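Note that the coordinates shown come from a computational prediction; the quantities given were computed from them, not determined experimentally.
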Amino acid sequence: MEYTQLGRTGLKVSRVVLGTMNFGPQTDEADSHAIMDAALDAGVNFFDTANVYGWGENKGRTEEIIGSWFAQGGGRREKTVLATKVYGNMGAEGQPWPNEDKLSALNIRRAVDASLKRLRTDHIDLYQFHHIDRSTPWDEIWQAIDVLVQQGKILYVGSSNHAGWHIAQANEAARRRGSLGLVSEQCLYNLFERRAEMEVIPAAQEYGLGVIPWSPLHGGLLGGALRKEREGGGARSTSGRTADALKDSAVRAQVQRYEDLLDQHGLEPGEVALAWLLTRPGVTGPIVGPRTAEQLSSALRAAELTLGEELLTALEEIFPGTGPSPEAFAW
């Protein structure tokens, strides 16, 4: 496993990030523990979760599963760079109550303590804002964060799903306070969805944030969706984002070209999609969210895959980028 520093920090993280969103809803506790053990054995030290994972009436369940894994000892917590998130409403399902979501100082303080309890740890290595809160000023957010850093409850702060100008606004506010500011941005980015290249990734690079792409296979679209469709397998190839995208004949033709290209090279589509992200400027590592041990193994193989210039050029022809900003939409 290769490691890199997270943005401008001295923190070393694996170039594959273990996403845990499926732990609980789709993968039971025992299998989740086995996947985390296998990831750690393979050198993956960067685990990502969120307080809302588990969803619905089970919000927080994923953090609890990670916490029970840490509780087994064996250096599991010490070896793991733990990232979680705050923003989503954690109130009782169907019974909303004020101040149980977003980024007010009050909710941040409560959410951190609740996550620490579920995760059975005394600190969070990377605390991420799951979405931009347009109602809370950055000075309030950073005041809350500064207190938590001083208390030792969190070490670093990252953003997720933020626009480029949000990243700039956040870090300029942090700079005025003498705070470290954001050190990472978790965004939707993959071969098919490249709009982050226009503003978000350039802003992240300018301010020294590591980029952590989520949905690297675009919900399964880049994971051999058409092959699975023909073979009659793979639930994700026939539902959700993938099914919607494949209704477009132009997208279907694009994905077919992609799969045909990789068939010629004897490569697996999902592994190439992950390996491509590892070639992109500013990318720390993509988040992989395995439901099974085999899916984890596939992601690990991708980390060892080297893509030649000829293949990279062919991929660029199939999935062209948006172009830089402002040139993409102006002169």
- Item | Shortest non-hydrogen contact from S14 toward M1 | CB-CG, 3.8 Å
- S115 side, atom OG; I154 side, atom CD1 - distance, nearest 0.5 Å: 11.0 Å
- Judged by atom type as modelled, is there a donor-acceptor pair below 3.5 Å linking the side chain of R175 to the main-chain atoms of A170? no
- So, are D125 and R77 salt-bridged, with charged N and O less than 4.0 Å apart? yes
- Query: Is it true that E229 and R252 make a salt bridge, defined as a side-chain N closer than 4.0 Å to a carboxylate O?
  - Reply: yes
- Task: Looking only at non-hydrogen atoms, find the nearest pair between V157 and I145 and report the distance.
- Result: CG2-CG2, 3.4 Å
- Message: Under a plain distance cut-off of 3.5 Å, with no hydrogens placed, do S179 and D146 share a side-chain donor-acceptor pair?
- Response: yes
- Item | Pair F23 and Y53, ring centroids less than 6.0 Å apart | no
- Task: Would you mind checking if E316 and R194 are paired as a salt bridge, meaning a charged N to carboxylate O distance below 4.0 Å?
- Result: yes
- W165 and E199: side chain donor to acceptor below 3.5 Å: no
- W69/F47 under ring pair (Phe, Tyr, Trp, His ring centres under 6.0 Å): CA gap, chis, key distance, verdict: CA-CA 12 Å; W69 181 72; F47 289 17; 5.5 Å; yes
- Message: Nearest 0.5 Å, please: how far is OG1 in T4 from CG in L278?
- Response: 10.5 Å
- Would you sort out whether L305 and L267 count as a side-chain contact (heavy atoms from CB on, under 4.5 Å), showing the intermediate values? CA-CA 10 Å; L305 189 60; L267 297 170; 4.0 Å; yes
- Would you check if there is a donor-acceptor pair between the side chains of Q186 and H162 at a distance under 3.5 Å? no
- Message: Using side-chain hydrogen bond (donor to acceptor under 3.5 Å, both in side chains), reason through Q254 and D248 one step at a time and then give a plain yes or no.
- Response: CA-CA 10 Å; Q254 193 177 26; D248 185 323; over 6 Å; no
- Between R280 and Y189, do the side chains contain an N or O donor and an N or O acceptor separated by less than 3.5 Å? yes
- Message: Looking at R195 and E193, is there a salt bridge between them, counting it only when a charged N and a carboxylate O are closer than 4.0 Å?
- Response: yes
- Message: So which atom in G164 and which in V200 form the shortest heavy-atom distance, rounded to 0.1 Å?
- Response: N-CG2, 3.9 Å
- Message: Can you classify the ring geometry of H131 versus Y87 as parallel (below 30°), tilted (30 to 60°) or perpendicular (above 60°)?
- Response: tilted
- Taking the six-membered ring of F70 as reference, does the NZ or CZ atom of R120 fall below 6.0 Å from its centre and within a 45° cone about the axis? no
- Item | Steps toward side-chain hydrogen bond (donor to acceptor under 3.5 Å, both in side chains) verdict (Q128, S184) | CA-CA 8 Å; Q128 301 163 109; S184 64; 4.5 Å; no
- Under a 4.5 Å side-chain heavy-atom rule over Ile, Leu, Val, Met, Phe, Trp and Tyr, are I124 and M90 clustered together? no
- Query: Can you tell me if N190 and W276 form a side-chain donor-acceptor pair at under 3.5 Å?
  - Reply: no
- Message: Can a side-chain donor-acceptor contact be found between T20 and T49 if the only test is distance below 3.5 angstrom?
- Response: yes
- Message: Counting neighbours of CD on E310 that are heavy atoms of other residues, nucleotides or ligands and sit closer than 6.0 Å, is the number greater than 12?
- Response: no
- Could you tell me whether K247 and D244 have a side-chain N and a carboxylate O separated by less than 4.0 Å? yes
- If you measure from OG1 on T136 to CG on L106, what distance do you get to the nearest 0.5 Å? 10.5 Å
- Just by distance, with hydrogens left out, do D263 and H265 show a side-chain donor and acceptor under 3.5 Å apart? no
- Message: Quick test of your reading of the model: are R301 and E304 salt-bridged, counting only N-O distances below 4.0 Å?
- Response: no
- Message: Do the side chains of D31 and R291 get close enough for a salt bridge, i.e. N-O under 4.0 angstrom?
- Response: no
- Minimal heavy-atom distance between T62 and P25, with the atoms involved, is OG1-CD, 4.3 Å
- Item | E63 side chain to T84 side chain, donor-acceptor N/O pair below 3.5 angstrom | yes
- Residues, nucleotides or ligands: over 12 heavy atoms within 6.0 Å of R76 CZ: yes
- Item | Separation of L191 CG from L277 CG (nearest 0.5 Å) | 7.0 Å
- Message: Please determine whether residues Y3 and L18 belong to a single hydrophobic cluster, defined as Ile, Leu, Val, Met, Phe, Trp and Tyr linked transitively by side-chain heavy-atom distances below 4.5 Å.
- Response: yes
- Task: Please check if atom CD in E93 has more than 12 non-hydrogen atoms from other residues, nucleotides or ligands closer than 6.0 Å.
- Result: yes
- Separation between CD (E29) and CZ (R61), nearest 0.5 Å, reads 4.5 Å
- Enclosure of Q26 CD (heavy-atom neighbours >12, cutoff 6.0 Å): yes
- Query: With hydrophobic residues grouped by side-chain heavy-atom distances under 4.5 Å, do L148 and V86 end up in a single group?
  - Reply: yes
- Message: Rounded at 0.5 Å granularity, tell me how far OG1 in T284 sits from CD in Q5.
- Response: 10.5 Å
- Message: Ignoring hydrogens, what is the shortest heavy-atom contact between V211 and C187? Give both atom names and the distance.
- Response: CG1-SG, 3.8 Å
- In terms of hydrophobic clustering (I, L, V, M, F, W, Y; side-chain heavy atoms under 4.5 Å; direct or indirect links), are V17 and L82 co-clustered? no
- Message: Under a 3.5 Å cutoff, is there a donor and acceptor pairing between the side chains of E197 and T322?
- Response: no
- Item | Audit row: E64, K59, salt bridge (charged side-chain N to carboxylate O under 4.0 Å, His left out) steps and yes/no | CA-CA 10 Å; E64 290 175 348; K59 287 178 290 192; over 6 Å; no
- Task: Taking all non-hydrogen atoms of both residues into account, name the closest pair between Q256 and L226 and its distance.
- Result: OE1-CD1, 3.4 Å
- Message: Just by distance, no angles: are the side chains of N107 and E100 close enough, under 3.5 Å, to form a donor-acceptor pair?
- Response: no
- Message: With clusters defined by side-chain heavy atoms of hydrophobic residues (ILVMFWY) lying less than 4.5 Å apart, directly or transitively, does L209 cluster with L180?
- Response: no
